[in-house]
Amino acid sequence: MNTDETAKALGLLPEELQKIRDTLGREPNFTELSAYSAMWSEHCSYKNSIVWLKTLPKDGERMLAKAGEENAGLVDLGDGLGCVFKIESHNHPSAIEPYQGAATGVGGINRDIFTMGARPVAQLNSLRFGDLSQERNRQLLRGVVRGIGDYGNAFGVPVVGGEVYFDECYNINPLVNAMSVGLVARDKTMSASAHGADNPVYIVGSRTGKDGIHGASFASKDLTEDSADDLPSVQVGDPFQEKLLLEASLEAIATGALIGMQDMGAAGIICSTSEMSAKGGAGMEIHLDLVPTRQEGMHAWEILLSESQERMLLVCERGHEKEIEAVFDRWDLQCVNIGTVTDTQLLRFHMHGELVAELPAESLVLGGGAPVYHREYAEPAYREAIRNFDPQTIPVPRDLQAVMDHLAGHPNLCSKRWVYEQYDHMVGTTHMTAVQQAAAAVVDVRGTEKALVLSVDCNPRYTYADPYTGAAIAVAEAARNVVCAGGDPVAITNCLNFGNPYNPGVYWQFVEAIRGMGDACRAFNTPVTGGNVSFYNQSSFEGPVFPTPVIGMLGVMDDKRQFTTLAFRQAGDFIYLIGRSSGDISGSQYLYSFHGRKDSGAPPFSLADECALHAVLREMRGRVCLESLQDVSDGGLFTALLECALPGRLGFEVVADLDVRRDAYWFGEAQGRVILSIDPLEEELLLKYLQRSALPWCKLGVVTTCEIRIDGQNHQSVAHYAGLYENSLGDAMWQDD
Amino acid sequence: MKIGVVVFPGSNCDEDTLFALEQLTGKRPGIIWHKDTELGSVDLVVLPGGFSYGDYLRSGAIARFSPVMGAVVRHVERGGLLLGICNGFQVLTEARLVPGVLRHNTNRRFVCRPVHIKPATTHTLLTRQLDPDRPLQIPIAHGEGNYYIDEDGYRMILDGDQILFRYCGPNGELADEWNPNGSMGHIAGVCNKERTVFGMMPHPERASDALLGMTDGAQILSSLLGLSSVEM
């Protein structure tokens, strides 16, 4: 094969090969082409997304490391503490090998956190699968959940929240997004930077094998029927090594002798050496034959590109080698000096005394020489039908009981107990919402008055119908959850799961979603600290997945006494609704699955109303004693009421306050609403605050001992829904056991 | 009472256990590294939860051979107290310091959730302060917590009054539906014949902080430490 053919086989475009020739001023060899192919893949270079990502807000007074500066965003918590958090996808590996794909996704995101010196304290995930009635999708769910569980449980960081969502658009290509959140003393953070000529470069942790070679490239193309042939592109995880690596890395940072550290994820050694060197304005001389390998006879390009897990690259100050080596020795981990930092800005890789690749570090990386593309986009044709959707064609069911049963047991709305019980969600003894449910996950920050408040959200029905509004709603819902639990929204990370960016319709979805997300983030003053773009979630035989821009939000509760749970506490308490209800059923789970109509728009949403809602809730905080507070989202008002009633096995008696179609009132998903319950003695005080707000509100009813009455009609007791809500997912999964 | 908590590579409840004990006693226990061959002077050794040495073989099977275990055995032979929680309990059964074995949960899945247990005896340091009729709410988190012992052994631990806890319902009911892992006799914890070594699958250190909504575990730890009942 000549160079042009090789470049093409490695996924490089002709213009990219020309750029490489121009950069090097000569023909690249195979090893060098492989390096560019990995680093300029979509996964590493963001070449088709960076233009739009740069339009997102990234500044904020609490930001210590902004988007793109380090491996993850770093936010100031006060009290001398910082919080590092990020979400990342592992979709393609999980489609081919769900167990290892999901497990290594968890491993990778946690390394991003502790490579910055932070100890991970909480994990969340957002999972999307195809139709649950198909056995393959159940197998994928089972494998992914087991993979996340086995890795995270052994690693010892609790899963505190997440989403599991089913839709046939994910039949071929499930989405597996994992988020990790860590805490670090502000003066103990570590940078992914290399500088200081002659400082030694170490590789630590696991040996390097042939797993995961070209994984970054694999993630950067469509899944096809032949994708199983790419199985070697999937890595294998070892949570025990990761746990040791965590402890040893934090100890190594504590010595003060480290200059920089970066984990090895996508594109392995070539990625960490080039990114660390480019960041520090340095170069490196690396001897690949010194890298400990799992097998004999690995080629230079294989060692360079291997995505073997649980490895770190670190640079320490010359003269402190013994200190660093002693730390890794104590934890029985490999720690091998494989080269030195130089001031040449060149990466020079040697193998058995021979120079096998020589590349300018800057030329490989995002923000440096990596290509940047503007893609064409155009509104896809399906939007026409959505604009013409007429709700009048949908009859109001005579019997709402059937809808209530449908929603209570629907896999998208029912309890995800079958999933989260397989995750250790209590290790660390700081997870405050493990048994005290709230609208968002809450994690104690020990030694302070503070707690972290976390939520991951995206409703792909909304983002498909209207990517701009849907993405804005995803941010708004995350913020609403954080505020309901007692926190203030601080910043977000995002995981942008889309189809093939070369499809103009898909790219239009991407652009619109970015616009919506940016506008919402500006409204809530929550900068985007980073995240991940996953394109090509488009099976070549069934079309793209719904656009799924997942938002992971970090909030802070300054005083743990502000913690507010969602469960009704006592029969006789009053139930209030705050926010604008509507007669619109667009975008609802009810319309989508009960009526089977998939062509409606996003539900009613106003950023201004949403901000007003958060303002009144924050104003009442600490002044009005709320017994419970829950946001209204997927499944509408009825589902939200049920979620409040079930934990304490209480009921509710409620009456609609608007003269609109009854299905829209109880099952419609108009945004910007919450329900709360209060002791009747507290009502007068509550009203003072509500009357000051410009938002609509109403007294919806009362908490009952067990019966559920809606608009004067009996609708069973709470026990009836408990069975549907708590067992539906487990029953669906147990049919294969 | 001087306490030491062993840290194996892969232990991940060590810090939680240290924190809970410190909250109760006002003093941070010592840390015993798995490569240590002497314990120093301690009255109580705790083997915490986690995945010692990765637990890629049977849980606890490797930890049993770790350098520190020789010293732990000598500590027990001298009459010292030893508590194993979750993975610690698995290590105790592998080391034959308590009777029985822990098999895979009958549903073959890892299970993390709060369950109820009740003391089967109050004639041990660990349970002496507990009300045998009041179920305690304590979380479990394990894939291999299905306690098994052969018939002779079962009779022996019954006769020896060595069963510490049984899984039960919120009102103390003993029934399969409240047994989270298939354990024989709903057993959640046992002790040795000498009543100095205690193993239990539920995590008392995870139910020792009112902030998390569960405090029954603190009662168990207080009983062992000889502290008067704690008000949380």
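Note on naming: letters A, B, ... go to the chains in the order of the sequence lines (proteins, then strands), and numbering restarts at 1 for each one.
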Under 4.5 Å from a heavy atom of chain B, the part of [X] involved:
| X | answer |
| --- | --- |
| E421(A) | both |
| A434(A) | neither |
| R330(A) | both |
| D238(A) | both |
| T433(A) | neither |

Do [X] and [Y] touch side chain to side chain, with heavy atoms closer than 4.5 Å?
| X | Y | value |
| --- | --- | --- |
| H203(B) | D424(A) | no |
| Y423(A) | C112(B) | no |
| L212(B) | V435(A) | no |

Aromatic plane relationship, W331(A) with W33(B) - under 30° parallel, 30 to 60° tilted, over 60° perpendicular: perpendicular

Thinking salt bridges, do K35(B) and D332(A) make one under a 4.0 Å N-O criterion? yes

Distance col, row M733(A):CE vs R109(B):CZ, nearest 0.5 angstrom, shows 8.0 Å

Distance from D55(B) atom CG to N153(A) atom CG, nearest 0.5 Å? 12.0 Å

Least distance between heavy atoms, Q436(A) atom then L211(B) atom: NE2-O, 2.9 Å

Given S11(B), G54(B), A207(B), the one with more heavy-atom pairs under 4.5 angstrom with chain A than any other is G54(B)

